[in-house]
Amino acid sequence: MEMVKELDPALIKRKRNGQINIKSGNKMDAVVKWTIWVLTALTILAFFFFDYTGLQLERAFTDTLHNIRVMFLEPGLSHFSWGEAFYQVGVTLGLGVLATIFGAIIAFFLALMAAENLSKPWLSNTVRVVVAFIRAVPTVLWVLIFAIAAGLGSEAAVLGMLFHSVAYLVKAFSESFEEVNPGIIEALRATGSSWWHIVINGVLPSTFTYLLSWTFLRFEINFSVAVAMGAAAGAGGIGFELFMASGFYFDLREVGFITYAILIIAIILEVISTRLKERYFPSSVKTR
Amino acid sequence: MDAKQMRKNKWQTTIFLILIIMITYLSSFITKFNLIESIATIPAAFSWIFSNLLITQESLEKLPQILEKLGETIFMSIAATTLAAIVSLFLAIMGSKTTKVNQTFSVIARFIASFSRNIPVVAWSLILLISFGQNSVTGFLALFVATVGFLTRAFIESVDEANQSSVEALTATGATYFHMISKAVIPQSLPQMLSWILFMIETNIRSATLVGILTGTGIGYMFDLYYKNMNYNLVALITFTIIIAVIAIELVSNKIRRVIL
Amino acid sequence: MSLLKVEGLSKFYDGETKVLKDVNFEVQAGEFLSIIGPSGAGKSTLLRCINRLVEINEGKVMFNGLDVGAMKKKELRKLRTNIGMIFQHYNLVPRLTVIENILHGRFGYKSTIQGVLGRFTEQEKEQAFYLLEKLGISEHAYKRCDQLSGGQQQRVGICRALIQEPKLILCDEPIASLDPNSSKVIMDYLKSISTEMGITCIVNLHQVEVAKEYASRIIGLKQGEIVFDGPSKLLYGEQIENIYGIESRELITV
Ligand SMILES: Nc1ncnc2c1ncn2[C@@H]1O[C@H](COP(=O)(O)OP(=O)(O)OP(=O)(O)O)[C@@H](O)[C@H]1O
Ligand SMILES: [Mg+2]
């Protein structure tokens, strides 16, 4: 191809060294680049701040590989029976169910207050700020705080787990409410219906399946939260058994058995919630 | 809607409600949970919180130590998330149907992701604790493994969403596989991926507290220590610093998200 | 020797239905050829067999005397470098700038490392600007592609194909998503590419009148078979009816 040198130099951006620039240099690219650089720098820096007490890297890796092999290839039970194992899984599932159901009930009312189309701006903003605050405290801290404040037991675990469940579901529910067709609400308002009437006859029927799906998605999360609370906050269930097997009895085969039990339940829950998401949230609704 | 349909719906709702109530009842039974009692304790609990979880002048003296541990925890979450993101990027490119090299690798990548995602982070920390001991590396690795699982799934979604047709166009110009990945797929999915990374850093700071309690490191260890010593002023201070840290990081990431998405 | 020779080409995606059935034709260098046919006739598939974006099942495609079906990875890359492609939906990378998208056309000449690092020579960049100027969109060089109109995006697509310095350009319904004005602009550019630069063009089209106006030769495809092949002057109502089926005649030739 022949080259005709009649380019308008005003249209071509050049770098300082005279080379032609091909990036647009807009704010978005710059922010992306900076975020990546900052994260990289912080990551490198992190390894200087770590506490390496008693670490023998090479041995630790070989030992872990060995442990993992024992766990997953020779799982077995020695400190409790199959029946007991089922019961403990049941306890963990039970904690998850309770936190999810009570969380959903509370979240429903709070979400009505947080939804912009059903509430007043000051109220909806207040709810949002409170929810952001609640989310910032790790669940385990809520559980431990309630354990002293309310006495240890499943009550503390459920109450502690409630906080994040409510925070999560308020966000999800209120967004579902906000997507309700404004025409429906308008029409009911025009007939002089009361606010509750609008909620029950207008909002609820069109969002009910979404609310249920979100509640189930939260249940999936709450199962692993319940395992964690068993292990870290003495809330009982299979998580506590895991903690005992690894921290007290050093029984790798039992750890393996328990891990399999958790894995199986978690995968079943994940499969169900993936189905639900594909069915009810066809595009771009993400796991949160 | 005719009357018959309506009666059917009513029935379904009733059965559904009964089912939920039964499940709730069963769960309360198996966990020995008492609803009345727990509702009754809530006011007491809150009054306990407001009268005991107070930050005092005295506890503030410990602030430098707390901030140091908090820093360690934040660094641990960031390092775990960033390095996990690199691994996840490879797994996602292998696993996505748009960019997979072959079926076997794709299945392997998805399997690794599902395995590390569905074993809870507590299980990973307890497993690693046995041979790595009480130090930051244990927590770092536990977070790393769990994050790889989660991010791989999220990244596969982002890669799948990337416009398939520009991949075809690049192939048609004679570009190689790596040209196509680096210039057609990554530019399109990078903002989405960064958003997930930021989300994961927030999540991991909260999880790091949990992991810290189990592995005896970072801010989680501090919390556990003073919690067991019943020094509630320090417990309050630690909780407060975590809240500030998480909210600050959330605000920054929301700012970044608003620009890049 | 003809530039392109298709012999007994057949294609099936799933064992049973043949999408292309025993297709034979030759294209001389410099020709402006149009392929028409109803939806699902296999037009896109035929184009994609030529640069092997889809695998060839039976028969042969010869480009410049080389057997496309038998090519190894490296030769295939070289072949694709020699064949530009333009798509109905432009197929640009939306978040990148116009100029970056055009330079993607140079990947065929780059090693993996050069390409991944985005190492383009000054001459290549100037060439890109020159092409932009020629297609009248140089003021948009630094815009993101998704901020351009459809017609402008298609011109970027043409630039990307031209910077490959191809011998042949394949166009898969280049104007199907454009309004009549932009369509005319794009078809005029394609025509001038073929007459001024001597690049061979094969253009899939839906609109028979457009094909008749621009192409010197037309191939009619129906259910994977060639039912017409000749100068566009000789394509009359009867053959059009044959290609599209009787019912659709009114719809097509309004
Ligand atoms: N990737 C594929 N896998 C399976 N079948 C395909 C694939 N691509 C196309 N087909 C089938 O091949 C046939 C021909 O498709 P093709 O896209 O080539 O037609 P076309 O003439 O380009 O149609 P249109 O005008 O709608 O673009 C269609 O029946 C289509 O369903
Ligand atoms: Mg087509």
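Protein chains get the first letters and strands the later ones, always in sequence-line order, with residue 1 at the start of each.
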Contacts table for residues 235-248 of chain B: side-chain donor-acceptor under 3.5 angstrom, sequence neighbours left out:
{"from": "T239(B)", "atom 1": "OG1", "to": "V235(B)", "atom 2": "O", "distance (Å)": "2.7"}
{"from": "T241(B)", "atom 1": "OG1", "to": "L237(B)", "atom 2": "O", "distance (Å)": "3.4"}
{"from": "T241(B)", "atom 1": "OG1", "to": "I238(B)", "atom 2": "O", "distance (Å)": "2.7"}

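When each of F250(A), F61(A), W34(A), F223(A) is scored by its heavy-atom pairs under 4.5 Å with chain B, the top score falls to F61(A). The candidate with the highest count of non-hydrogen atom pairs below 4.5 Å against chain B, out of T64(A), L98(A), L159(A), is L98(A). Interface remark: of the candidates L198(B), D224(B), L35(B), L128(B), L35(B) forms the most heavy-atom pairs closer than 4.5 Å to chain A. Ranked by heavy-atom pairs shorter than 4.5 Å toward chain B, the options F49(A), F50(A), F47(A), F133(A) are led by F50(A). Interface remark: of the candidates G54(A), A266(A), S224(A), A266(A) forms the most heavy-atom pairs closer than 4.5 Å to chain B. The candidate with the highest count of non-hydrogen atom pairs below 4.5 Å against chain B, out of D29(A), L55(A), V31(A), is L55(A). With respect to chain B, the highest number of heavy-atom pairs below 4.5 Å among F102(A), F208(A), Y260(A) belongs to F102(A). Note: L210(B) leads L53(B), T41(B), L210(B) in heavy-atom pairs under 4.5 Å with chain A.
Put simply, the side chain of Y227(B) never gets that close to the backbone of I145(A): no donor and acceptor are under 3.5 Å apart. Side-chain atoms of N118(B) do not come within 3.5 Å of backbone N or O of L263(A) as any donor-acceptor pair. In this structure a side-chain-to-backbone donor-acceptor pair under 3.5 Å is missing from S27(B) to V97(A). At distances below 3.5 Å, at least one donor-acceptor pair connects side-chain atoms of E155(A) with backbone N or O atoms of N34(B).
Contacts of residues 65-74 of chain B with chain A at a heavy-atom distance below 4.5 Å involve E72(B), listed in sequence order.
The OG1 atom of T40(A) lies 11.0 Å from the CD1 atom of I78(B); values are rounded to the nearest 0.5 Å.
Side chains of S154(A) and T31(B): no donor on one and acceptor on the other come within 3.5 Å.
The closest side-chain heavy-atom distance from L126(B) to V255(A) is not below 4.5 Å.
The aromatic ring centres of F48(A) and F75(B) sit 6.0 Å or more apart.
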